[in-house]
Amino acid sequence: MPTHSAATLATPRAPLTVASNDTPSPAADEVLVRVRAVAINPVDWVIQGTGPVTYRWLRTPAVLGSDLAGEVVAVGADVTRFRVGERVFGLATGTDRGRDPLREGAFQEYSTLLERLTSPMPDDLGDEQAAVLPLGLSTAACALFQPQHLGLRMPGTPSSATAPGVVVVWGGSTSVGMNAIQLARAAGYDVVSTASAKNAQTVRALGAETVVDHRSPTAVADLVSAIDGRAVVGAVALGAGSTDACLDVMSRTGGARLAMASTPLSLDALAGRRRLFPAMLPVFTRIGLATLRSTLRARRLGIRAAFVWGSSLRDDEMGPRLWREVVPRLLADGSLRPLPAPLVVGEGLGAVQGALDRQRAGVSAQKVVVRL
Ligand SMILES: NC(=O)c1ccc[n+]([C@@H]2O[C@H](COP(=O)([O-])OP(=O)(O)OC[C@H]3O[C@@H](n4cnc5c(N)ncnc54)[C@H](OP(=O)(O)O)[C@@H]3O)[C@@H](O)[C@H]2O)c1
């Protein structure tokens with residue numbers, strides 16, 4: 001079997017090392033991609049640093065990474081949408097339960113992608129730009145459009161309603177948030193959002209009509225006043241503390257659906273520790289208690305609140321619709337811009353560990369990217 005190089009998690013919690021991996025043949029519904037750029041998401045260092053607790057199903061050695069762009073080198077028997085040599089980008093879901101992280105992890109020279117979670121790359125889009133999209137975009141789409149979350153209509157759905165209502169995106173300068181704003185606007189909804197002052201203009205330019213600072217003590221009141229009595233169709237909560245803030249907004253505006261994407265406190269400090277135990281005990285206890293408190297509060301308020309899983313669109317009808325139809329159309333008409341802007345921190349698989357560390361140290365409206 002041919003082999004290639006991969007940034008590999010050899011054992012749980014180890015630093016990534018470059019090792020050889022078998023180059024697979026694509027299954028009938030897959031394409032095999034020569035990866036040219038990958039982007040880093042918080043979940044990558046969460047898995048690396050806390051996987052024995054949070055991703056207990058994941059076996060090592062594993063290849064992490066959800067976001068990749070490159071060119072097709074082989075297509076599965078049932079794939080008619082792509083041909084060899086075509087430039088594509090897509091969502092790799094290898095670290096999910098029941099998937100194969102050695103075949104379908106982004107951080108390697110060759111990775112498989114499911115055809116239904118892959119889009120062609122427009123000629124004017126670079127690999128580094130396209131790589132910023134997959135998980136942020138997919139998570140935003142799950143939050144907005146899956147029936148178990150906000151259940152909104154997808155862009156391109158015919159509707160007679162002219163003003164379908166307001167979506168609250170708490171954390172508009174996050175990767176997921178920037179995509180959520182663009183998708184909600186493309187679907188015809190009004191958006192109010194949060195970001196730090198330095199990112200407010202960027203977030204406004206995506207179509208958020210009002211952007212308040214999430215650190216301001218008046219952030220909730222400012223959003224409520226911007227909503228000004230209009231119907232709130234739901235909220236997407238991104239960032240530590242965002243769930244309670246969204247519940248505050250919705251309790252005062254009548255919104256009834258909340259999509260939560262973040263743990264109540266970040267796992268960055270825990271992920272960086274040399275040992276998980278015993279430091280994990282108070283952290284996971286606090287997360288569990290805060291989640292329970294928010295869930296009970298949501299129930300009391302009559303708000304349906306649920307956690308989003310950004311790759312769950314792999315198994316429903318929304319994934320193929322998003323990746324086959326909506327993404328190519330919105331990229332072509334300019335209503336989806338690949339954001340946050342790439343911050344290229346290195347080249348080659350040896351740079352991936354540093355890129356994970358850079359993401360964990362904190363970014364502001366930027367996506368950490370490595371060229372391969
Ligand atoms: N459940 C899932 O499937 C899934 C998938 C992807 C991501 N996530 C989670 O979603 C969250 C966002 O991920 P991402 O990759 O989009 O993040 P990211 O791009 O790394 O987020 C960075 C941004 O977070 C903003 N931020 C920091 N603290 C905040 C707070 N308390 N409230 C609102 N915004 C805050 C910062 O905004 P300023 O610089 O403007 O202050 C910064 O621009 C993370 O918690 C991540 O773990 C979940």
Side-chain angles (χ1 to χ4, degrees), residues 39-47 49-50 54-55 65-67 91-93 95-97 131-144 146 148-149 168-182 193-204 206 208 211-217 219-220 223 235-246 248-249 258-268 270-271 287 290-291 305-314 319 338-343 355-369:
I40 314 300
N41 291 284
V43 70
D44 300 322
W45 49 258
V46 167
I47 296 175
T50 70
T54 55
Y55 274 65
S66 308
D67 291 350
L91 179 69
T93 65
T95 52
D96 277 358
R97 198 189 291 271
V132 307
L133 278 169
L135 186 62
L137 178 79
S138 299
T139 308
C142 289
L144 293 171
Q146 282 181 331
Q148 65 271 36
H149 297 298
V168 178
V169 178
W170 189 284
S173 57
T174 65
S175 175
V176 178
M178 287 184 153
N179 283 287
I181 293 167
Q182 297 188 86
S193 189
T194 76
S196 58
K198 68 175 185 298
N199 293 323
Q201 188 44 42
T202 309
V203 173
R204 238 178 251 120
L206 299 177
V211 180
V212 309
D213 191 332
H214 38 246
R215 291 179 192 84
S216 160
V220 167
L223 286 181
V236 182
L238 303 158
S242 58
T243 292
D244 286 327
C246 286
D248 289 342
V249 173
L258 173 61
M260 304 176 283
S262 299
T263 47
L265 60 147
S266 174
L267 292 171
D268 57 343
L270 189 60
I287 288 177
T291 303
F307 272 103
V308 175
W309 190 260
S311 50
S312 56
L313 46 58
R314 181 190 54 237
L339 290 167
L343 171 68
L356 262 64
D357 297 340
R358 176 66 187 82
Q359 210 302 327
R360 186 165 60 83
V363 295
S364 180
Q366 284 179 313
K367 193 92 183 175
V368 175
V369 166

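Numbering of ligands and ligand atoms starts at 1, following listing order. Not measured: the values here are computed from a predicted model.
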Does any N/O atom on [X] come nearer than 3.5 Å to any N/O atom on ligand 1?
X	answer
Asn199	yes
Pro42	no
Gln366	no
Trp309	no
Ala365	yes
Thr194	no
Pro340	no

Short side-chain to backbone donor-acceptor contact, [X] and [Y], under 3.5 Å:
X	Y	value
Thr174	Gly177	yes
Arg360	Trp45	no
Ser312	Trp309	yes
Thr50	Ile47	no

Exercise. With side chain to side chain donor-acceptor pair (under 3.5 Å) as the test, would you mind laying out the steps for Asn41 and Ser66 before giving the verdict?
Key: CA-CA 8 Å; Asn41 291 284; Ser66 308; 4.6 Å; no
Please compare [options] and report which has the shortest non-hydrogen distance to [atom].
atom	options	answer
atom 40 (O) of ligand 1	Ser312, Gly239, Cys142, Ser173	Ser173
atom 23 (C) of ligand 1	Thr263, Val308, Thr174	Thr174
atom 4 (C) of ligand 1	Thr139, Thr202, Asn179	Thr139

Quiz item: Within the structure, does at least one protein heavy atom fall under 4.0 Å of atom 48 (C) of ligand 1?
Solution: yes
Quiz item: Considering all protein heavy atoms, does one lie under 4.0 Å from atom 28 (N) of ligand 1?
Solution: no
Quiz item: Are any non-hydrogen side-chain atoms of Thr243 and Pro264 less than 4.5 angstrom apart?
Solution: no
Quiz item: Between CD1 of Ile181 and OG of Ser193, what distance do you get to the nearest 0.5 Å?
Solution: 3.5 Å
